[in-house]
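Just so you know, ligand 1 is whichever comes first in the structure, and atom 1 is the first atom listed for that ligand.
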Amino acid sequence: MIPYGRQSIDSEDELSVLEALSRDFLTTGPLVESFETSLCRYTSTPTSVVNSGTSALHAAYFAIGLGPGDEIITPPITFIATQAMAIHLGAKIVFADIDRSTGLISVQSIKEKITERTKAIVLVDYAGQPCDIDGVKALIQGLDIKIIEDAAHSLGSEYKGIKVGGLVDITTFSFYPTKNITTCEGGAISSNNSNLIQRAKEFSRQGLIRDPQRFLIQDEGSWHQEVHDLGFNYRLSDIQCALGISQLKKIDIFKKKRSDVFRKYKEYIPPLGVGTVGEMSYANPMWHLFPIFVPKESRALIFDYLKSKEIGVQVNYIPAYHHPVFHETLVNREEFPESEAFYSQEISIPMHTNLNDTDIDKICTRIEEAIKLFS
Ligand SMILES: *Cc1c(COP(=O)(O)O)cnc(C)c1O
């Protein structure tokens with residue numbers, strides 16, 4: 001089976017983890033700060049690590065003060081965590097449609113959805129491409145609306161020559177094994193706004209404050225720490241940070257390998273009469289997925305055929321409002337023609353650093369066979 005996504009772990013990663021296991025601290029130790037420093041240097045943005053991309057979104061939403069009565073605008077084509085964490089804080093989800101060639105949120109559609117209650121716009125860097133950030137910034141100029149970038153797919157990507165991380169108010173990453181680098185489970189929050197990053201960091205560490213200058217209880221003793229806002233235990237362990245530090249050192253190599261795979265697919269697949277993802281000229285992506293588009297009538301047959309031939313495939317993603325949990329919000333699917341069209345035709349084929357030319361040939365041959373058989 002050729003997996004659709006896979007981590008890349010080498011002996012350096014293994015040594016780094018082993019070394020971490022013999023240290024004094026397995027968690028809350030110095031490797032956490034080291035990993036944060038490495039990420040901060042890489043993204044040129046202050047960064048705090050947490051135990052998943054989902055926790056990162058929760059902390060980011062908390063940091064901007066999201067709560068009951070607030071609305072966030074998100075695309076439907078994303079992993080459910082993008083919406084779930086906002087709903088857990090009591091916010092209402094407002095969907096904006098996407099552009100069917102890229103899977104990225106449409107600026108025009110966002111414009112139609114902004115209300116007085118809009119607290120934030122959440123951009124999802126589908127497949128690794130950043131959204132039209134300047135377009136969104138122009139739209140909300142003068143309004144008290146934050147921009148959050150769910151960059152689970154796009155650590156290592158650039159927007160107009162600048163690395164993802166500090167482009168908007170707050171950015172979240174995931175280090176799940178299929179993502180661009182891994183810590184098994186893990187995530188991070190980046191922001192150039194010191195108040196936002198501090199709030200996100202404290203939220204992910206039980207809300208504990210250790211800075212005496214901020215204490216409301218004075219002269220308690222040198223052991224003292226206090227809580228102003230309740231948080232969660234979203235800590236990432238030192239062992240995972242050791243893996244993250246080692247992985248991040250190789251991100252440029254990973255990016256190049258993913259890019260080589262992307263270019264080969266772009267050469268071989270369109271001549272088969274199969275659609276591929278549109279490329280934005282402002283972006284230099286670290287490609288996370290490779291979506292192809294096939295006729296919707298034969299999508300399921302093609303998907304099952306590829307699977308039967310040991311080609312790992314996925315569909316990213318079912319529109320979030322299709323999930324039964326959203327049915328009470330009575331979303332009219334006809335309002336989202338681009339998301340519906342995208343979902344009905346999409347298949348993600350293998351995209352990771354361990355694919356060689358033989359794998360790519362095999363994958364493309366199987367796609368060709370499937371197209372001949374079913375369309
Ligand atoms: C993976 C992913 C997440 C969640 O990350 P986890 O680390 O799995 O919690 C959130 N949003 C998107 C777009 C993702 O792909």
Side-chain angles (χ1 to χ4, degrees), residues 3-7 35 39 47-62 66 72-89 93 95-96 98 102-105 120-131 147-157 164-165 167-168 170-190 200 203-204 232-237 240-241 243-244 247-248 258 277 285-291 312 314-323 339 342-343 346 348 351-352:
Y4 106 98
R6 194 187 194 283
Q7 69 279 10
F35 187 32
L39 284 164
T47 299
S48 177
V49 295
V50 291
N51 62 358
S52 74
T54 304
S55 320
L57 284 161
H58 198 189
Y61 292 148
F62 173 83
L66 193 68
I72 63 160
I73 298 177
T74 80
I77 301 295
T78 181
F79 183 57
I80 191 72
T82 314
Q83 283 93 23
M85 293 299 113
I87 294 168
H88 281 310
L89 288 165
I93 305 301
F95 292 105
I98 60 160
T102 58
L104 300 176
I105 197 165
I121 294 164
V122 185
L123 309 178
V124 177
D125 296 347
Y126 184 86
Q129 287 198 108
C131 300
I147 304 178
I148 294 177
E149 187 170 356
D150 179 343
H153 298 187
S154 63
L155 180 69
S157 298
V164 166
L167 294 160
V168 299
I170 194 159
T171 301
T172 65
F173 297 107
S174 165
F175 308 131
Y176 185 74
T178 57
K179 303 287 163 72
N180 296 353
I181 65 166
T182 192
T183 60
C184 307
E185 299 284 355
I189 308 129
S190 296
F203 181 75
S204 63
F232 286 82
N233 173 3
Y234 285 160
R235 292 186 303 255
L236 192 65
S237 70
Q240 290 167 292
C241 289
L243 180 55
Q247 287 268 296
L248 189 60
R258 284 174 177 271
V277 69
M286 176 142 173
W287 289 104
H288 168 62
L289 297 175
F290 195 93
Q314 286 272 343
V315 169
N316 301 94
Y317 297 91
I318 187 169
Y321 54 72
H322 284 208
H323 286 290
S339 298
F342 187 94
Y343 167 61
E346 200 267 344
S348 300
M351 168 54 88
H352 52 86

Open item on the list: Give me the atom names and distance for the closest heavy-atom approach of T183 to G244.
Closed with: CG2-CA, 3.6 Å

Could you give the side-chain donor-acceptor pairs of residues 314-321 under 3.5 Å, partners two or more places apart or in another chain?
| residue | atom | partner | partner atom | Å |
| --- | --- | --- | --- | --- |
| N316 | OD1 | S348 | OG | 2.6 |
| Y317 | OH | H153 | NE2 | 2.8 |
| Y321 | OH | E340 | OE2 | 2.6 |

Open item on the list: Suppose we call two aromatic rings close when their centres sit under 6.0 Å apart. Are F175 and F35 close by that rule?
Closed with: yes

- [ ] Flag the pair Y176 / F79 as yes when their ring centroid distance falls below 6.0 Å, and as no otherwise.
- [x] no

TODO: Measure centre to centre between the rings of F203 and H58, then say whether the value is under 6.0 Å.
DONE: yes

Open item on the list: Any side-chain to backbone donor/acceptor pair from S174 onto G187? Under 3.5 Å, distance only.
Closed with: no

Ligand-protein N/O pairs under 3.5 Å (ligand 1):
| residue | atom | partner | partner atom | Å |
| --- | --- | --- | --- | --- |
| ligand 1 | 5 (O) | S174 | OG | 3.4 |
| ligand 1 | 7 (O) | G53 | N | 2.7 |
| ligand 1 | 7 (O) | S174 | OG | 2.7 |
| ligand 1 | 9 (O) | G53 | N | 3.3 |
| ligand 1 | 9 (O) | T54 | N | 2.9 |
| ligand 1 | 9 (O) | T54 | OG1 | 2.5 |
| ligand 1 | 11 (N) | D150 | OD1 | 3.4 |
| ligand 1 | 11 (N) | D150 | OD2 | 2.8 |
| ligand 1 | 15 (O) | H153 | NE2 | 2.9 |
| ligand 1 | 15 (O) | K179 | NZ | 3.1 |
| ligand 1 | 15 (O) | Y317 | OH | 3.2 |

